[in-house]
Q: 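This is the structure, below, for whatever I ask next.
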Amino acid sequence: MIRRIRAQVVLMSTLSLLALGVVAVVSAPVLAAATAHSDKKSKKHKKAKKKRPAKKVASVKIAAGSETLTFSAQAVAALEKAKVSVTVQSPATGALASGFVFPLSGGTLNPGTGLGSVSTTGGITLATSFSVPGLFNSESNSTISEPGLLLSSASTLSFTSQQASPPTFPFATTSLKGIHPVAHGVAITLTNLPLSLTSTGLQFLSEFASGAFTAGEAIGDVTVQVTASS
């Protein structure tokens with residue numbers, strides 16, 4: 001009886017050892033696979049960290065520069081046909097045929113996107129005269145100054161005039177589509193932003209050249225050269 005019990009104990013011990021061996025053999029590949037999976041996740045996490053986009057460049061303050069407004073040949077011809085004289089007001093420079101240059105007085109600009117706002121000084125005066133010899137002489141003139149650019153999803157070129165209501169009005173719309181800022185150090189340039197006449201811009205020009213322009217008409221372009229503050 002004792003021998004039989006001992007035999008059964010030995011048999012059970014042997015079976016237990018065999019079972020442990022099987023578990024160990026089966027567990028080893030599973031453990032290895034789990035470790036490899038964990039390593040892959042860790043590597044992917046590290047790669048994801050590396051692929052994070054760089055921080056966007058913030059807008060910079062404008063220290064100096066210029067804004068050049070150039071009328072199209074058609075717009076120049078229309079004003080000349082209506083006998084409208086256009087003269088520059090200091091500190092702006094230039095002429096109707098070659099374009100007007102306004103010094104920048106402030107604003108901000110994003111060198112990566114071109115978005116921001118630009119303010120200027122100087123202006124231009126439009127004038128017409130009509131006379132009948134010996135009877136009367138009449139003259140109409142108006143000065144528009146400080147052309148400011150708002151560069152956003154709805155970009156505009158605005159002028160300020162004492163003869164307008166409200167005094168500051170959108171003269172033309174523009175667009176940054178296809179326009180890429182060129183930056184070299186603190187110098188940033190936006191070249192040939194197209195200008196389309198607004199309804200208020202049309203109303204203003206019609207006082208001097210009635211019927212010569214239409215709303216939405218392409219009337220020229222504007223170029224901005226910025227020196228950013230360091």
Side-chain angles (χ1 to χ4, degrees), residues 62 65-82 84-89 92-110 113-128 140-181 189-226:
I62 295 172
S66 64
E67 177 181 299
T68 302
L69 171 61
T70 305
F71 287 99
S72 66
Q74 292 81 2
V76 170
L79 291 170
E80 290 178 342
K81 184 178 180 180
V84 180
S85 66
V86 185
T87 55
V88 68
Q89 302 299 315
T93 58
L96 179 60
S98 58
F100 298 99
V101 182
F102 302 88
L104 300 187
S105 59
T108 60
L109 195 68
N110 187 307
T113 63
L115 299 177
S117 61
V118 177
S119 56
T120 69
T121 58
I124 53 178
T125 297
L126 285 76
T128 56
S140 176
N141 66 76
S142 182
T143 298
I144 48 178
S145 60
E146 300 174 356
L149 270 176
L150 174 63
L151 299 169
S152 63
S153 57
S155 301
T156 56
L157 172 71
S158 297
F159 273 105
T160 297
S161 174
Q162 297 303 317
Q163 287 78 30
S165 181
T168 299
F169 64 96
F171 182 78
T173 60
T174 187
S175 173
L176 287 169
K177 186 177 181 180
I179 305 295
H180 303 286
T189 303
L190 289 168
T191 305
N192 298 335
L193 278 70
L195 296 174
S196 299
L197 195 64
T198 64
S199 58
T200 50
L202 172 63
Q203 183 179 354
F204 179 84
L205 290 181
S206 294
E207 295 179 8
F208 303 92
S210 179
F213 298 93
T214 58
E217 178 181 350
I219 58 168
D221 58 63
V222 62
T223 292
V224 180
Q225 294 179 310
V226 169

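Small disclaimer: the values here were computed from a predicted structure and weren't measured.
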Q: Within the side chain of Ser119, is there an N or O that forms a donor-acceptor pair under 3.5 Å with the backbone of Gly106?
A: yes
Q: Output the distance between atom OG (Ser85) and atom CG (Leu79), rounded to the nearest 0.5 Å.
A: 10.0 Å
Q: If you compare all heavy atoms of Ala82 against all heavy atoms of Ala209, which two are closest, and at what distance to 0.1 Å?
A: CB-CB, 3.6 Å
Q: Checking side-chain polar atoms at under 3.5 Å, does Thr200 have a donor or acceptor matched by the opposite partner on Thr198?
A: yes
Q: Indicate yes or no: at least one non-hydrogen side-chain atom of Thr125 is less than 4.5 angstrom from one of Ser142.
A: no
Q: Specify the closest pair of heavy atoms between Gly178 and His180, including all atoms of both residues, with the distance to one decimal.
A: O-CD2, 3.7 Å
Q: Can you list the steps and then say if Phe213 with Ser206 is a side-chain contact (heavy atoms from CB on, under 4.5 Å)?
A: CA-CA 7 Å; Phe213 298 93; Ser206 294; 5.9 Å; no
Q: Which atoms form the tightest heavy-atom contact between Leu115 and Ser152, and what is the distance?
A: CD2-CA, 3.8 Å
Q: For the pair Ser161 (side chain) and Gln163 (backbone), establish whether a donor and an acceptor sit closer than 3.5 Å, ignoring hydrogens and angles.
A: yes
Q: Any sub-3.5 Å donor-acceptor pair from Ser196's side-chain atoms to Ala218's backbone N or O?
A: no
Q: List the atom of Ala215, the atom of Leu202, and the distance in Å for their closest heavy-atom pair.
A: N-CD2, 3.5 Å
Q: Report yes if the side chains of Glu67 and Leu104 come closer than 4.5 Å at any heavy-atom pair, otherwise no.
A: yes
Q: Are the side chains of Ile179 and Thr191 in contact, using a 4.5 Å heavy-atom criterion?
A: no
Q: Short question: side chain of Ser66, backbone of Phe102 - any donor-acceptor pair under 3.5 Å?
A: no
Q: Can you list everything that forms a ring-ring contact (aromatic ring centres under 6.0 Å, His included) with Phe100? Sequence neighbours excluded, please.
A: none
Q: Would Leu109 and Leu151 satisfy side-chain contact (heavy atoms from CB on, under 4.5 Å), going step by step from the backbone distance to the final call?
A: CA-CA 9 Å; Leu109 195 68; Leu151 299 169; 3.9 Å; yes
Q: Looking at residues at least two apart in the chain, or sitting in another chain, which of them share a ring-ring contact (aromatic ring centres under 6.0 Å, His included) with Phe71?
A: none
Q: side-chain contact (heavy atoms from CB on, under 4.5 Å) with Ala95: which residues, sequence neighbours excluded?
A: Ser98
Q: To check you understand the geometry: which heavy-atom pair defines the closest contact between Ser158 and Pro170, and what is its length?
A: OG-CA, 3.7 Å
Q: Between Glu207 and Ser140, is any pair of side-chain heavy atoms under 4.5 Å apart?
A: no
Q: Can you name the one residue among Thr93, Val101, Asp221, Val222 that meets side-chain contact (heavy atoms from CB on, under 4.5 Å) with Thr68?
A: Val101
Q: With a 4.5 Å limit on heavy-atom distance, are the side chains of Pro181 and Thr113 in contact?
A: no
Q: Applying side-chain contact (heavy atoms from CB on, under 4.5 Å) between Leu69 and each of Ile219, Thr223, Thr120, Leu195, report the one that passes.
A: Leu195
Q: Give a yes-or-no answer on whether the side chains of Ser145 and Thr160 include a donor-acceptor pair shorter than 3.5 Å.
A: no
Q: State, with a plain yes or no, whether a side-chain heavy atom of Ile144 is found less than 4.5 Å away from one of Ile124.
A: yes
Q: Indicate the atoms forming the closest heavy-atom contact of Phe208 with Thr128, along with that distance.
A: O-CG2, 3.7 Å
Q: Step by step, work out the side-chain contact (heavy atoms from CB on, under 4.5 Å) result for Leu193 and Leu176.
A: CA-CA 7 Å; Leu193 278 70; Leu176 287 169; 4.0 Å; yes
